[in-house]
Structure formats: C-alpha cells, structure tokens
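Order of the sequence lines fixes the chain letters, A, B, ..., with proteins taken first and strands second; residue numbering starts at 1 for each chain. The structure presented is a predicted model; accordingly, all values stated were derived computationally and were not measured.
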Amino acid sequence: MTTWLLFLPLIPALGWLAWAALRHAVPLSYNWRSLWQRKVATLSTAAAIAVVVAIFVVVRSLSQGISHAFVSSGRSDQAVVLRANARVELNSTLERDQVRVLKADPLLARDASGVLASAECYVIMMLDYADGTGGTNVAVRGLEPAGIRMRDRVRLVQGRWFNPGLWEMVVPARMAWRFQGLRLGQSISFAGHRWPIVGVFDAEGSAFDSELWTGVEQLMQARKRDAYSTMLVRLADPDRLPGFIRQVDADKRLKLEAKAETDYYGEQTEAGKPIQVLGNLITAILTLGAIFAAMNTMYSAVAGRTAEIGTLRALGFRRVEILASFQWEALMLCSMGGLAGALLAQGFNGIQTSTVNFQTFSDVSFAFTITPGLMAQGVAFSILMGLAGGFLPAWRASRIPVTEAMNS
Amino acid sequence: MKYLHLIWRSLLRSRRRTLLTVLSLGVSVFLVATLQSILGTLDGFAHNPDSANRMVVRHKTSITNVLPFRYGDWLRQQPEVEAVMGLQWFGGIYQDQRNFFANFAVEPEYLVPMFKEEVRGVTEAQVRDFVRDRTGCVVGQALADKFGWKLGTVVPLQGTIFPFTPRLTIRAIFRGKRTADEMALYFPYKHLEESIPRMKGKVGTFWVRVRSADDVPRLIERIDHHFSDALEPTYSETENAFQLEFLKMLGDYATMIHTITAAVLAAILIVTASTMAMTIRERTTEIAVFRAMGFTGRQVLGLLMAEGVLLSAMGGLAGIGLALVTAGAVRGNIGTSIPWLSDFQLQPATLLFCLQATLAVGVLSTFIPAYQAVRRPIVEGLRSL
C-alpha cells in the first residue's frame, strides 16, 4: 500500500499534462513520430528503463511473496497459544494439563466433531534437495484432526489426509518437487521411522506451504517428547478474541501467552526483511541511473530540434505548451520502457524459490507472483522516471528564445 | 598521449551529456560493486582460513535436536583432536527483540583454546574470572561498545528457546579479527544446564579443533560412523560447511545478485552505446574534416574509441569512489538486518572487476558507431558543411 503513496505526486502532474494535451496543444503524434526519428537513442533508453522496471517488479514480487506467505496464514477469529516469551512455535512448549485447561474454555468454538482447538507439535528436520545440492531445515507440524479443519485455506490436491495413528505425512505441493522423497507414494526417513507420503496439499501460498504435516501424537512419540509446542484455538465469537488473550495471559496457572493468529504470522514477516532492504536499495540506485539516462536522451532530443522548437513558437504555441509537449515525449519514452519491463518481469511469474525464516531456522518456500497490480506499479514507476527525467530538458526546450532557435 | 587534450576537449564539448552519462554509469557501477562485495563478504564466512582446523558435530536430524554431553568425552579421546567444546545456541534477547546478537552457552575453559583466532586480547586473569563465575559471561568489544557495557556490567538475557532469564556479569571482553565475531556473548554451559531440566546432560553441538586440517575428512567419517547406530546419531562437517549451510538458507542470493549484475551491465552498455552514437553522429562533419586534414581512418577510430573508454572509465571510477565512500553506511544499515554484513568490505577483486567491466563497456559501446563513422566517405561527411 505504501508504495502507491510514492506515486501520489503523479496524479497532479499527469492531470496537468492531460489538460495541456486536450487544450489544442502540440499534437501528441508529433512527439510519437519524433521518438521514432531517433530510433537508436529511443530504443536503447527504453531498453535501459525496461531493465530497471523489470528488476523493480521482480524484487517487489519477491518481498511481497514472502509477506504474503505469512500475512495470509492467519484467521482473525483464531489464536495461537505459546509458552510466555517463546515468540515462535519452535521455541514453545505446552504441557498436557495446560492443554486440558485450555480446551475446556467456554469461549472456544465447536463443530460436529468437537471443540475447535488443536494442540500441535512443531519441529524442524533436515531434508535433502531433489537436485542433490545439499539440504536445508524444513518444518514438520503435528496436528490434531481439528487442526486441519481450522485451516480452511489448506486443501488436499492428491491422495488423502494422514491417519492420526500411523506414521504418515502429508506434504505441500510446492515442496514436493524441491526435496527428495516428498512425492506421493515415496517416503522419508525421520526420527527412526519411515514416513510414507500419503497426500499432497495446497495452502495458497501461505506459511503452511512450507510445512510437512502429520499426526501430533505420532510426531511427539517419534521425537520422544511429552510436551506439545503450541495450541491453535478458534473462538465462537471473533469479538471475544482480545478478552480470550487477556484471560490466557493473566492465568497464573498456565504461564502461557496467546496471540491472534494474524498477529503471530504478521510478526514473522521479518523473514523477508533482508531481501526487502536489499531490494529497496537496488531499485533506488537503478532508478537514479535510469533517470540520468532518460535525461540525457531528452536533452539531446531538445538540442537536435532547436529549429523545430523555434518554428513551433513562431506558429504561436506558448512556452507552457512546449514544456508539456516535451514532458509528454519523455513520458512516452519511459512508459514504453516500463511496459516492456513489466512484460519482461512477467516471465518470472510462478518461479518457485525459497528463503529462510531466521526465527525458526527453517525453509520458507514461495513463488514469484507477478500480479497485474505489481506490473501496474512498474509502469507507474517508469512514468515517475519520465516525469523526473523529462522535466529539466522540457523546461530547457520551453526557454529557448525564438530568435535564437530560428537562427540555427 | 599528445591527443589526450583533444580527447578531453571533445568530452567537455557537451558537458551536460558527459556529466549525465558519467553519473548514470557511476550509480550503476556503484550498485554492482556493492552487490558483488556483499556476495564476497558472505562467501568469506564460508571460506574462512582460520576455521580450517575446526569442525562441528551436531544431531543428524536437525540443528534443534540435542546430543548427550558424554559424546564430548569420546571426542576428546580421539588422537587427532586438540580441543572439544560443547556449544548451545541460547537465542536470548537483551531488552528488545531488535537488539539481536548471537549468544551461546559454552564450556568456559575451552572457549579460548577453541577460538584462538576469534577470541583474542583477554588476559589470563579475565579468563580465570570467567571460568570461575557460573553467572559470568564474555562479550566481544564491538558488542560491548554497542550497548556501552564494561567489565562487571550485568546483562540480563531473556530466553526465547529456554524459559529462563540469566543475569550475566561481564568478566572478560575480547577482540576478534572481524566485527561479526565480536558481536557475540558466551556464558557457562553449567548455568543453562542447572536451570533447564530438559538440558541436563544434553548439548546442541560440539565444536572440535583438530591438530591438522588434513585429518578433518577422516575424522568426520569416523565420528559419524561411531555414532551411526546410537540413539542420537551425529552429523559432522567442517565449520566452513556449517556456515555455508546457514548462508544458503538466506535463499539463492548468489543467483539473484549475479542476475542483477548482468542486467545492470547490459543496461549500462546500452546507455553508453546510445550516448556515444549520439556524440559521434553530431560530429560527422568534424570527423570528415579530421580525415581531410590527413588523419588516417585508424587514427580517428582510435581517437573516438579513446573518448568512449575515457568516458566509461570516468563513470566506473565515479562508481567505485561512491562505493568506497558509502561502504561504512552500508555496513551500518544492512549490517543490522543481516548480521554477517556487519563485516561488509569492498573486495579488491570486485573493484577490479568493475573497472574491467566499465572499460569493456567503453570499448564495446564505441566500436560500432565509431567504425561506421570512419567508414563513411569523406566527401559525404563534408557535404553538410
């Protein structure tokens, strides 16, 4: 959202330009044809701008993909209960008697099969990449059956859900091809057991797309744990969520803390911060470079057309109109590059990649998603470059004295 | 050399264009230099010559599983081994989550022998104080400076992995070769073990110092074989491999940086080529006059090429200069979000690469327009006079 604020100054500038174009000004076709008079300069500047815009769009989609993985994971009527100060599920422990106390809470929602609360176990394990280039830590989540029902964005695409009493795993489709042994029908060896993969799910790019799922009791038994990690609960009335959180935090028996599920995942977007910082830096620098290049091209366009400008002035066009005309030309030049760049970036759409969540040391997989919104941002960005890069040359064009211009 | 003045004057002819091109080249080269140096700095952590003698033994399942403490005794009995130290990542927070720094529980008596290269400048008295005080700790100079700590300061660390908040008294402050090494705190393992029942007799990793780096591969194999049938099997690797694993987790940052570098270089090639084409086209007449005066085609070509190379070299040097000036700021800003980059340094090899790349851009971008200009018949060039 904040990115769009950056484009706010575009609105008055574009408004003014549109007004200037509508008011019997220098026809736009004149600018369009002038651009093609200098094909090489136009195309090369547009190409440079296309590269910058493509990088801008791809980098933004990268950081958006990471945030999306976390932000879209939570529901506003659900809460995660953790050990006080644990911050992330990996660090948390929850004893069985604490779970019993929590499950008896009258605020919790119920469905036909019982209370909507799932005590879960969250651990990480090493998995080898499918291409044999080493391995990384991935998260394994043990759930109670209610846990699957409570995550309504997760749906099964292949096979079946795990049987809570068996050593079985269900894996996200996004991870299935990235790691060894994660396809349906294959099996992985973990904590002294073989776990066949009985199903493949899709979680719409949320954080669950980076987790292997199995039955909680099986996982705890395999890892020789007698404590859960966390519990996910759904409230019957979403408005009671703050009250529930206060109640858990204040309960001295439990020494636990509850967080709204949306807040919990919101905090984890920190995982995308290094890429975001780097991305912003890269874009800022490249933009500067592109603006200089655009300015250069426009200055030489102005210099090469002094006589034409003089003629326009002699014909009765006013300074403001000439300023607007050249500004339009710069906009055309840059937005051409911007469109090309956005299309170029489209080529990255759907490519899978991953980073690590340093709070859980585990892999976060996500896909580049080049949405139309992002592409529009890219084009808006190129227009911004056009305004910034075109203004000084256009100003200069409008200031050339008529007599001098006619002389050359 | 006698034409240098001529070349310089022709660059100055359109000052604004030259300046804009240099600036546009400069910022791009600055970006490439900085990004490639980030890559180089990160790689430095996975290719640390000082850690050639060290290896890490951890649980085979994952980094969060723990090993029995007694494994350390067996490791110490191996003839190749110089020192063994149990080390547990504590992950404590000092005051606020944003004050992140690495903190570990270690066996205090082995800390200095293990990290001879990284933990330096502590007196024997300080080490003795640290070993004796179960609630003591050792911190790096850079870390102490960041928070204004001195010997004797009490540092409360709020545990995240372990429900326990030790209050640690600083007993020694060490210096290291790199800032990232100094951004660490070590406290006695016993303190953690006594406070957290489930950690009794358990530790996350063993760091092993081997007498000769040549023995490391065989020792790795022997350790893992020895514990392969144990309830808690081990996974051993060199310290560099261990570091690399963490770096790789950042994502495929290397591919990303190389892609961006290639794209940026292509973009500046295009931009410079377009500038040079403009410059040369404007000078068609002038070139014809030069040749009419007796300059050979090759000489004119050389003059134009020299101009292009000089232009791009100026851009390249401007970029490198900018990178040198801002290196400190990069260290300060990105270093806080990616801990490894608190040692960000411009790599000489990278700067050389940038210079070579810009020179190549100069040559490549000028050749075609210059060649075309020289090939054009003199008469045609003079016609527009």
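- The contact between B:Phe162 and chain A is made entirely by backbone atoms, counting heavy-atom distances below 4.5 Å.
- Residues passing the side-chain hydrogen bond (donor to acceptor under 3.5 Å, both in side chains) test with A:Ser300: none are found, sequence neighbours excluded.
- For a residue to count as touching a neighbouring chain, one of its non-hydrogen atoms must lie under 4.5 Å from one of that chain's; by this rule A:Leu288 touches chain B with backbone and side chain alike.
- Heavy atoms of other residues, nucleotides or ligands lying less than 6.0 angstrom from CD1 of B:Ile368 number 12 at most.
- Atom CE in A:Met298 sits 12.5 Å away from atom CG in B:Leu20 (nearest 0.5 Å).
- For A:Arg194, the CZ atom sits in a packed shell: over 12 heavy atoms of surrounding residues, nucleotides or ligands are nearer than 6.0 Å.
- Residues passing the side-chain hydrogen bond (donor to acceptor under 3.5 Å, both in side chains) test with B:Glu282, sequence neighbours excluded: B:Arg17.
- A pairwise comparison of heavy atoms in B:Met278 and A:Thr297 identifies CE-CA, 4.4 Å as the closest pair.
- No part of A:Leu43 comes within reach of chain B, as not one of its non-hydrogen atoms sits under 4.5 angstrom from that chain.
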Review point. Would B:Ser24 and A:Asn296 count as a side-chain hydrogen bond (donor to acceptor under 3.5 Å, both in side chains) if you check the C-alpha gap in whole Å, the side-chain angles of each, and the deciding distance to 0.1 Å?
Key: CA-CA 9 Å; B:Ser24 138; A:Asn296 219 348; over 6 Å; no
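- Of the residues considered (B:Leu23, B:Ile93, B:Val27, B:Thr165), B:Leu23 shows the highest number of contacts with chain A, using heavy-atom pairs under 4.5 Å.
- Per-residue heavy-atom pair counts under 4.5 Å with chain A were compared for B:Pro163, B:Gly91, B:Gly159, and the maximum is reached by B:Pro163.
- Neither the backbone nor the side chain of B:Leu269 has a heavy atom closer than 4.5 Å to any heavy atom of chain A.
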Exercise for review: Take A:Thr45 and B:Val271 through the test side chain to side chain contact (heavy atoms under 4.5 Å, CB included) and record every step on the way to the result.
Suggested key: CA-CA 6 Å; A:Thr45 313; B:Val271 168; over 6 Å; no
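- Heavy-atom pairs under 4.5 Å with chain B peak, among A:Val40, A:Ile282, A:Thr93, at A:Ile282.
- Distance CD1/A:Ile285 to OG1/B:Thr34: 6.0 Å, rounded to 0.5 Å.
- Applying the 6.0 Å contact sphere to NZ of A:Lys224 captures more than 12 heavy atoms from other residues, nucleotides or ligands.
- Annotation: B:Asp229, atom CG; neighbour count of heavy atoms from other residues, nucleotides and ligands within 6.0 Å does not exceed 12.
- Atom OG1 of residue B:Thr275 and atom CZ of residue A:Phe292 lie 13.0 Å apart, to the nearest 0.5 angstrom.
- The two residues B:Thr160 and A:Asn91 make their nearest non-hydrogen contact at O-CB, 3.2 Å.
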Exercise for review: Start with the C-alpha gap between A:Met126 and B:His59, add the side-chain angles, then the distance that decides, and say whether side chain to side chain contact (heavy atoms under 4.5 Å, CB included) holds.
Suggested key: CA-CA 10 Å; A:Met126 281 287 286; B:His59 197 288; over 6 Å; no
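- Comparing A:Arg223, A:Lys255, A:Met125 by how many heavy-atom pairs each has under 4.5 Å with chain B, the most go to A:Arg223.
- Atom CZ of B:Phe164 sits in a crowded spot, with more than 12 heavy atoms from other residues, nucleotides or ligands closer than 6.0 Å.
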